[in-house]
Each structure stands twice: as C-alpha cells, then as structure tokens.
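Scroll down for the structure; my scribbles are underneath it.
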Amino acid sequence: MPGSPSEQLAATPPAATARRARISRSRDFDAVYRRGRSAAGRHLVVYAFRPDDADPGEPARLGLSVSRKVGGAVERNRLKRVLRELFVSLDPPAPPETDIVVIARAGSAEYLAERGSAALGARLGELVAKATGSTA
RNA sequence: CCCGCGAGUCAGGCAGCCGCGGGCCGCGACAGCGGCUCGAGGAAAGUCCGGACACCACAGAGCAGGGUGCUGGCUAACGGCCAGCGGAGGAAACUCCCGGGAAAGUGCCACAGAAACGACACAGCCACGCGCGUGCGCGGGGCGAAGGUGAAAAGGUGCGGUAAGAGCGCACCAGCGGUCUGGCGACAGGCCGGCUGGGCAAACCCCACCUGGUGCAAGGCCAAGUCGGGACGCUACGGGUUGCUCGCCCAGUCCCAGGUCGGCCGCAUGAGGCGCUCGGCAACGGGCGUCCCAGAUAGAUGGUUGCCCUCGACAGAAUCCGGCUUACGGCUCGCUGUCCCA
RNA sequence: UGGGGGAUCGUCUAACGGUAGGACGCCGGGUUCUGGUCCCGGUUGUGAGGGUUCGAAUCCUUCUCCCCCAG
C-alpha cells in the first residue's frame, strides 16, 4: 500500500458529502445525543461524540437535523447542502473518528440568505471546535 | 396607446474547476477505482375527489350510512373535461352557477304585521231590513286583497265594468295545463284552454345513479432477538363477520412484564412522452413512426470563478396515474372598446 | 409520506339558522384617609375568502394556522 497511487487519493480532503461519511442510523444519532458533548449558537447546535468502535483513520462523520421549523423543503434542502459543503472545507478540519451532528435552528435559513455562506461557515467552525475541543 | 377578456408557452444562459445519486461496461479478493450515460415541477404543494396496485373481510340477503344531482357526449374512473340548455353579471370580448322533486309526508319562516298557509277570524267597503239620538247601532247577506308591516301577502299594469267590487271581461306580460313544430335531449317557438301562485330541500326527506374496509409505514421475504409471571373461569359468558339484524363460523378470557430500531423486494415501460395522419365543433379516440425519460432511504442538482442579459417568481419527487384547488415571474398570439383624450 | 381532529374577547368556555353571552383578566369611574372587597361602565374582524338563505358563529365550498396518530 504505501507508495502506491492510492496514497495520493487518500490525501484529498475527506468527502463528507459522500454517503459513507454521513450518520444515517437512528442508533448512531441517539448515541451522539446521549453521550456526546454539545455547543450551541444562535442558529446552530453541534453535538460531537467519539464512538468506541470507530475505524482508525476514519474521517469525521456528519449528521444533519433540519426540522420543518426552519422552512419549506427547498430551504431545508439548500441549508443541508450548504452545511455539508462547509463541513468539508472547515479550516481546522474536524478531528477524525468523530461523529458530529449539526442541528439547524429556526432562522438559520434567513441567516444564510442575509449573511452568506461564509458567515455560516465561521459559526459552524467555532461550534465544532468548541464541541470537540477536549476530546482532540 | 391604454384598460379589459381568452388561449398557449418558458421556467436565466454559456464556460472552467471541485463535488452528489442511479444505470451500464471494464478492473479488482473486498473496500473501491475508471469510462460512458441519465438525474425534480407546472404546480413535484394542499391532500379535495377518482382510479391502478396490495392486503384484509365476504355462503348470502336486507336495512342503515356515505356520495353525486339541467341535457348530450368523453373517460379506466371521477365531485373532472368538452359541447349545449336555462339563469345571473358585464357596454362588449367573455365569465360565473351543487342548476332534480315543495298537488308523498314532517319541520321551520325570528321581529314587524289583521294574517306567514287554513283564506278563517280582525279591520274595512256596499246596498237591503229594523231601531233611534240622522249617522251610528243591530241583523242576515254581497265583496275583494284594498289595511301601515315584511325578504316574502293569493298573478302584474292599463282600460272597461259594478250598489260596492273582483280575471268578472278585454289587451300586453308572468305562471299553469293541453297540443303542434324543431331538436337524441335539456329546451325553444306557435296555437288553444281555463283562470291561476306561498318560500326554504347547501332543513329532515323523496326519486335516480354510484358505493366493502384499510392503505406502499399496503404487502412479501431474509437476518437478528424475546418467548417470563399473575388473575378469573368451566360453558354461562365471550370472540369474528370493522355499523345493525337474520344467518353462519371460532373456540378459554383478561392483566402485567419483555422483544420488535438491520436488510432485500414491492420500485418505475406507463390508461407513457413526442411527431405525422384520420374521425369529431370539441373533450377525446383510431392508425403509423419514434423515444426510454429521477428512483433516493437522515433522503441526491450544490460550491466556486468568469462573461452576458431584463439581475431570475412560486417552489423540491418518495408507490404510480387522471383531475380539482391554491401560490407565482415573464413571453407570444387572438379578441373587445362604454365613458374620457388625441 | 399517509391518516385523523380543531380554531368564538387578552385566557377559559356558551349560543333551535333570527340582538354573539358568561367567568377570570385588563382599563376608566364611584365608595375609602389609602389599598383590598364591593358597585357602574368599557374592552369583539366568531381564523380568511366565496356561496346557499330574507337573514350564517351555525349549512356548503376553497384556503391558512395549530394539534394528534402510524417508524
């Protein structure tokens, strides 16, 4: 394996937009909520949890929760897409082998529309750092 | 030009980089990688109707319940659509209407009003008879809708007629019945007759037609896992027939505790789209050709950069399809023109 | 996604198709030296639009919002 071209592929940023890097089981969501650490902002809430059975070297997985209070289907889909994109390009990336759940609160769609994705990305970065700070 | 009316159509575009989901092909032991290709809407929305599909129920019959409601057609079906009829609105283009039955029965019609359906009483008009205080009372008669009201009052208006009056007579109008003509029909028109109605059925209801229930979290399969305790009972009771009755069938019943969070199928070729053509006023149907056109499962279309323009509305598939309704930006075509201005 | 229920004053609730009431707020006035109690008065788009009817909170229809159930 070492020295092979696949090493260059692994060097590319972890694609949290891929389905492998997402939390999909309700069991996993429950674990993050119950046993993880949380950090809350005005528009977002971030939960972080490092599962015991995580594969070594596995990049951080992302789970999103955007309820109907945020807006209609178009707004919520757009918000989820933007949040996934922002999560991948976090400047200090999220620590590996960690499950992170981001909850969008009511008003976050308006925040995105008025302040832009860069502002939302900054808020996301702050909260992720705060929630994962001691475990890293 | 500008108002208005109707129909149709589009849903920012192009390019670079980084990404996401499905299918096919290739490589690979797996994870995966590479190539090609496809990837939201006219409303995907609301879930208001109708069907397909699936399971459950059903020997069967009846009742109940629910829905629809002018006519003819279209459709798999519909509460939808098309063409008409009648009515309503508008100056017009045109638009809108749950639009059967009130001589089958029941009910309601507040307030006001003499009276709200029985045309009786009340009030009133008119001659006649009797009485007296001479314009009133009494009596038996004639009379109609005149009497404030009210949403609605026993056809309306006019003329004649009379003691007073009245469809009592006449003309026109409205309604009813009969008949003729046209139309498949709703209905329209003509003639004749008699002389005439309460209203409300989106009140109960009657009539005609339709109607089993539940919904893809339907349903099928695989994997995993729990399978423990208590009470009452001995055919009385109970359960099923998802509202009831007849009928039929099943057999112990109830309570507590525990398990069920994974995956595969269903799942996308369909009452399908487009083009031409034929029938039809049209909705729609027939024929031929051609295309394959999302299929996720915490749920896919984004990020970024550049250019252009009018600076981009409403809005995101979740079993599928046909409608309805609601939200909304632009463009094209056709049609109307009362008043005002040129 | 599918299925079901609801909306009346600031809050809780009534109302055969015929004037929208009650209780608790709240506001103003009176009584009291002051406050409370008590008395009087006020506070109203029946969620919105359209229709049936002489007349609609009520009947029909379209929409908006809220709540519940099914993993």
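This structure is a prediction, so every number in the text was calculated from the model and none was measured. Throughout, a chain's letter reflects where its sequence line sits, starting with A, and its residues are numbered from 1.
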So, does [X] get its side chain near the phosphate of [N], meaning an N or O under 4.0 Å from OP1 or OP2?
X	N	answer
A/R84	B/G299	yes
A/R78	B/G303	yes
A/N77	B/A300	yes
A/R81	B/G303	no

In whole Å, measure the gap between the [atom1] atoms of [N] and [M] for me.
N	M	atom1	result
B/A318	B/A77	C1'	25 Å
B/G39	B/A296	P	16 Å
B/G46	C/U64	P	9 Å
B/A7	B/U305	P	45 Å

Complementary nucleotide of [N], counting Watson-Crick and G-U pairs under 3.5 Å:
N	value
B/G72	B/C82
B/G194	none
B/C209	B/G67
B/C20	B/G39
B/C122	B/G147
B/G140	none
B/G50	B/C321
B/G279	B/C284

What stems show up for RNA chain C when you take Watson-Crick pairs (N1-N3 plus N6-O4 or O6-N4) and G-U wobbles (N1-O2, O6-N3), both under 3.5 Å, and require three or more consecutive pairs?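 Stem list for RNA chain C: C:1-7 with C:64-70, C:10-13 with C:21-24, C:26-30 with C:38-42, C:47-51 with C:59-63.
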Using whole Å, what does the distance between atom [atom2] of nucleotide [N] and atom [atom1] of [X] come to?
X	N	atom1	atom2	result
A/L64	B/A300	CG	C1'	13 Å
A/L83	B/A300	CG	C1'	16 Å
A/F87	B/G302	CZ	C1'	17 Å

Measuring from the side chain of A/K80 (C-beta onward, heavy atoms only), which nucleotide among B/G303, B/A298, B/A300 has the closest atom?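 Shortest atom-to-atom distance from the side chain points to B/A300.
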